[in-house]
Amino acid sequence: MKVLIVGSGGREHAIATSVAKSPRVDKIYCAPGNAGIGQLAECVPIGAMEFDKIVTFAKENAIDLTIVGMDDPLVGGLVDELEKEGLRAFGPRKNAAILEGSKAFSKDLMKKYNIPTAAYENFDNPDEALAYLETATFPIVLKADGLALGKGVLICNTLEEAKEGVKSIMMDKAFGTAGNRMVIEEFMTGREVSVLSYVDGKTIKTMTSAQDHKRAMDGDQGLNTGGMGTFSPSPFYTAEVDEFCKKYIYQATVDAMAAEGREFKGIIFFGLMLTPNGPRVLEYNARFGDPEAQVVLPRMKNDIIEVLEACIDGKLDEVDLQFEDNAAVCVVLASDGYPVKYDKGLEIRGLENFTDKDGYYCFHAGTKLDGDKIVTNGGRVLGVTAKGATLQEARANAYAATEWVDFDNKYMRHDIGKAIDEA
Ligand code: AMP
Ligand code: GLY
């Protein structure tokens, strides 16, 4: 079969790597892809938001399955556009991707269906938000309603900071139209865990857990980023936590979406916080996490195509989802200055060191071909992933492998997976 993947980051490279292992797949295309994906797939110069071009390409090339990796095209309705033309696509339709696309929607859903999350209020009007803050307790959390590249969340310690936050989100539109509405919610404490799951509209099967590191600098300092590294599984995701989430969160979310007439087929990513009062949902995403996909997918034993097709066909109950009994760690190599300002176009050396190294992966996040060289083309450049029998071993392997590649301005956190030692 012929598969088209939509997206251009480390997540899409991880998806492509899994798809390439499927004996059912003859040819992979990626729109727009990157230099690493280009080693497995034919990259086509079509942007992820160019829906007409994607649909035309899929029709003309008789694509059997399109996998939409990124949030923007999902929230914008790319799956609906493909289905209208009779094409098969993996990912939620627009009316279900709203689970990620609107935080106000997801909070209201959780409240209506008693899914545990932080207490909150939604606001359409900045004056009302400012008035609400006068009697609030601090710290408090402000969230732009819409998609904001993972940056639309502000944790404010004082009333002054929070007022500035409301101004920046709702009045100055720091995150564009994502800030037309806003959620103000209770500040929670605890460890964070990401649990990704496959969903077919009725059945949900969770994947092995993972933990991201969102801040740019060691010790969880600095600005929020798309994610600087991950490990899987999370030792803090115990059987007890799993049992609680199965009882109150996972199936409840799928059933809630179905009850709202928004049947969800695709990936639900549960961003959880393990608070002293039990697990709470921090956020939902409607796609694989990035870099979570880079540690979760390499550990999945199933043929990914069979799992994705089972989701589309409502047959996920027939799939025996299995993960390897090992661990993986991903360290993101970024360009120094990310997430604010950084250079692009710097030559990357040493990529060949990953060829034929079992259990090691160099997923490309922001790279492109420049003549016969591969150069940096984004803030997050590479995701170096290694497996190990234990988390400690995987971490040592991943950090050793970060030395195999080099580019000017190479930057990474040195404490990815440090939390493992506290487990
Ligand atoms: P989100 O995009 O909603 O996951 O938020 C980004 C990050 O902000 C999360 O990973 C948390 O570290 C933090 N965060 C979000 N909501 C809360 C909350 N209610 N309490 C404490 N931290 C939060
Ligand atoms: N790593 C977090 C995300 O993909 O949203």
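Residue indices begin at 1 and follow the sequence shown. Both counts, for ligands and for their atoms, begin at 1 and track the order of listing. Owing to the predicted nature of the structure, the values given are computational and were not obtained by experimental measurement.
- K143 and E283 are not joined by a salt bridge, as no carboxylate oxygen comes within less than 4.0 angstrom of a charged side-chain nitrogen.
- Side chains of R299 and S232: a donor on one and an acceptor on the other come within 3.5 Å.
- Contact atoms of ligand 1 toward F187: 20 (N), 21 (C) (distance under 4.0 Å to a heavy atom of the residue).
- Under a 4.0 Å criterion applied to the non-hydrogen atoms of E185, ligand 1 contributes the atoms 16 (N), 17 (C), 18 (C), 19 (N).
- Under a 4.0 angstrom heavy-atom cut-off, K103 registers as being in contact with ligand 1.
- Here atom 6 (C) of ligand 1 lies nearest to V153 when heavy atoms of L282, T117, V153 are compared.
- With sequence neighbours left out, Y361 forms a ring pair (Phe, Tyr, Trp, His ring centres under 6.0 Å) with F363.
- Annotation: ring pair (Phe, Tyr, Trp, His ring centres under 6.0 Å) contacts of Y29 (sequence neighbours excluded): F57.
- When only interatomic distances are considered, the shortest N/O to N/O separation between M188 and ligand 1 falls below 3.5 Å.
- With hydrogens left out, the protein atom closest to atom 22 (N) of ligand 1 is I155 CD1, 3.8 Å, a heavy atom.
- The residue from L82, I63, T66 that alone fulfils the side chain to side chain contact (heavy atoms under 4.5 Å, CB included) condition with V55 is L82.
- T117 and K107 share a donor-acceptor pair across their side chains, judged by distance under 3.5 Å alone.
- Side-chain polar atoms of N377 and N34 form no donor-acceptor pair below 3.5 angstrom.
- For ligand 2, residues of the protein lying within 4.0 angstrom by heavy-atom distance are D212, G226, F269, N285, R287, G289, D290, P291, E292.
- Residue pairs that meet the ring-ring contact (aromatic ring centres under 6.0 Å, His included) test with at least one member in residues 145-174, sequence neighbours left out, do not exist here.
- Within ligand 1, counting atoms from 1 as listed, the ones closer than 4.0 Å to a heavy atom of K143 are 3 (O), 15 (C), 16 (N).
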Step-by-step salt bridge (charged side-chain N to carboxylate O under 4.0 Å, His left out) determination, D64 to K2: CA-CA 5 Å; D64 298 293; K2 292 199 224 172; over 6 Å; no
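- Neither the backbone nor the side chain of D212 comes within 4.0 Å of ligand 1, counting heavy atoms alone.
- Between V195 and M207 there is no side-chain heavy-atom pair separated by less than 4.5 Å.
- Ranking the protein heavy atoms by distance from atom 9 (C) of ligand 1 puts E192 OE1, 3.6 Å first.
- Checked by distance only, ligand 1 and N224 stay at 3.5 Å or farther apart across all their nitrogen or oxygen atoms.
- Of all protein heavy atoms, the one closest to atom 2 (O) of ligand 1 is E283 OE1, 3.3 Å.
- Looking at E192 and R280, no side-chain N of the basic residue comes within less than 4.0 Å of a carboxylate O on the acidic one, giving no salt bridge.
- Side-chain contact, S102 with D145: a donor N or O sits under 3.5 Å from an acceptor N or O.
- Contacts of K214 with ligand 1, taken as heavy-atom pairs under 4.0 Å, involve the side chain alone.
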